[in-house]
2 protein chains.
Amino acid sequence: MSKPIQRHSRQRQVILEELRMQTTHPTATELHQLAKQRLPNLSLGTVYRNLELLTRTGLIRRLDTRGGEARYDGDCTHHFHVRCLRCGRVNDAHGLSAAPVKEQVQTLDGYRILGYRLEFEGICPTCQKRPTRQR
Amino acid sequence: MSKPIQRHSRQRQVILEELRMQTTHPTATELHQLAKQRLPNLSLGTVYRNLELLTRTGLIRRLDTRGGEARYDGDCTHHFHVRCLRCGRVNDAHGLSAAPVKEQVQTLDGYRILGYRLEFEGICPTCQKRPTRQR
DNA sequence: TTTGCAATCAGGAACTATTATCAATTAAGG
DNA sequence: CCTTAATTGATAATAGTTCCTGATTGCAAA
């Protein structure tokens, strides 16, 4: 059972390009809408399949998500994110480092530590302007 | 529309107790199995409903999860987690401080920052012993 | 070129985790 | 007790994602 050869497909190319054009960390559905403008009968399944494949080969990053949809990031340099607790949008937080924290950890309960993720939570500018919903 | 009065139910009590007894940050399903031993006809819906309510009132914490199921933590003191990239289990990482990191950020792109989450990724002891799956 | 074949596709069904609905039950205050 | 509304179990519905089918396509060797 050898590793399958990855070949070049127009769909994958377009999906990757569209993701890289965005700074908004789109969801699979959003990306599907965008890419569909160039490939009208691109299926959502194909978008998911390729996002998975591109994530696996390290060309893009998949961002965790609080319950909702996964978001994707075309920028693989090490950086962090700020997530809006109201609307769920995600922005970059460049220029920060959690390296001092990482240095505190080599192993943790026998885990072999491979990396870390740091994410800030808050309210985005747009949501700050919007009145708070009634509970 | 006033806030409903929260009353005391046996189910909620048991769910909370079982969660607090665990150090493993169980998923809703796992917790359902555990609590069912004490309340045999406890429904999964009730578990979800109460986990949501307890999270909202701040008695427990819901942990983000990479795609799969949400996990819950009965310990609300501020601490971090290590997640196994292979099996998804989560352990605590007490005794670390990310305060220096937080101090780097007051506002970020106009966001009002309310908190941050730091999570380590690695391979847990059990999975280190298991041979790597073929790709 | 043409051909062979595995990688990839579109479309839709299936699956998984979670939330909503609803009639019946039950906690809590009067 | 009695009333009222929160809560429950059971079940249906939803959302996001993955899986399956048969058709298509990129690529390498003939």
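The sequence lines fix the lettering, A, B, ..., with proteins before strands; numbering per chain opens at 1.
By the 4.5 Å heavy-atom criterion applied to side chains, B:Arg20 and B:Leu59 are counted as neighbours. In this structure, the side chains of A:Arg12 and A:Gln6 come closer than 4.5 Å at one or more pairs of heavy atoms.
With rounding to whole Å, B:Glu52 atom CD is found 12 Å from C:dT18 atom P. We find that CG of B:Leu39 is positioned 15 Å from C1' of C:dT25, with the value rounded to whole Å. If you measure from atom CG of A:Leu51 to atom C1' of C:dT8, you get 15 Å, rounded to the nearest angstrom. Following rounding to the nearest Å, B:Arg56 (CZ) and C:dT18 (P) show an atom-to-atom distance of 17 Å. To the nearest angstrom, P of C:dC9 lies 15 Å from NZ of A:Lys36. Across the protein-nucleic acid pair, A:Glu30 atom CD and D:dG16 atom C1' stand 13 Å apart, rounded to whole Å. Rounded to whole Å, the distance from CD on B:Gln13 to C1' on C:dA27 is 14 Å. Spacing between atom CG of B:Leu54 and atom P of D:dT7 amounts to 10 Å, rounded to whole angstrom units.
Mapping B:Leu44 and B:Arg10 onto DNA chain C by nearest heavy atom places B:Leu44 closer to the 5' end of the strand.
The aromatic rings of A:His25 and A:His81 stand perpendicular to each other, their planes meeting at an angle above 60°, with 30° marking the opposite boundary. Using a 30° and 60° split on the angle between ring planes, A:Tyr116 and B:Phe120 fall in the tilted class, from 30° to 60°.
Backbone-only engagement by B:Arg12 is indicated by non-hydrogen atom pairs under 4.0 Å involving sugar-phosphate atoms exclusively. Across all strands shown, A:Gln6 has heavy atoms under 4.0 Å from sugar-phosphate atoms exclusively, and none from any base.
The side chain of A:Gln11 contributes an N or O atom lying less than 4.0 Å from OP1 or OP2 of C:dA10. The side chain of A:Ser9 contributes an N or O atom lying less than 4.0 Å from OP1 or OP2 of C:dC9. OP1 or OP2 of D:dT8 sits under 4.0 Å from a side-chain N or O of B:Asn50. Distances shorter than 4.0 Å separate none of the side-chain N or O atoms of B:Ser43 from OP1 or OP2 on D:dT8.
Closest approach to the B:Tyr48 side chain among C:dT19, C:dG11, D:dA5 is made by C:dT19 (side chain taken as heavy atoms from C-beta onward). Residue B:Arg49 places its side chain closer to D:dA10 than to any other of C:dA28, D:dA10, C:dT8. Across C:dT8, D:dG9, C:dA10, the shortest atom-to-atom separation from the side chain of A:Arg7 is found for C:dT8.
In this structure, A:Glu17 CD and A:Leu34 CG are separated by 12.5 Å, a value rounded to the nearest 0.5 Å.
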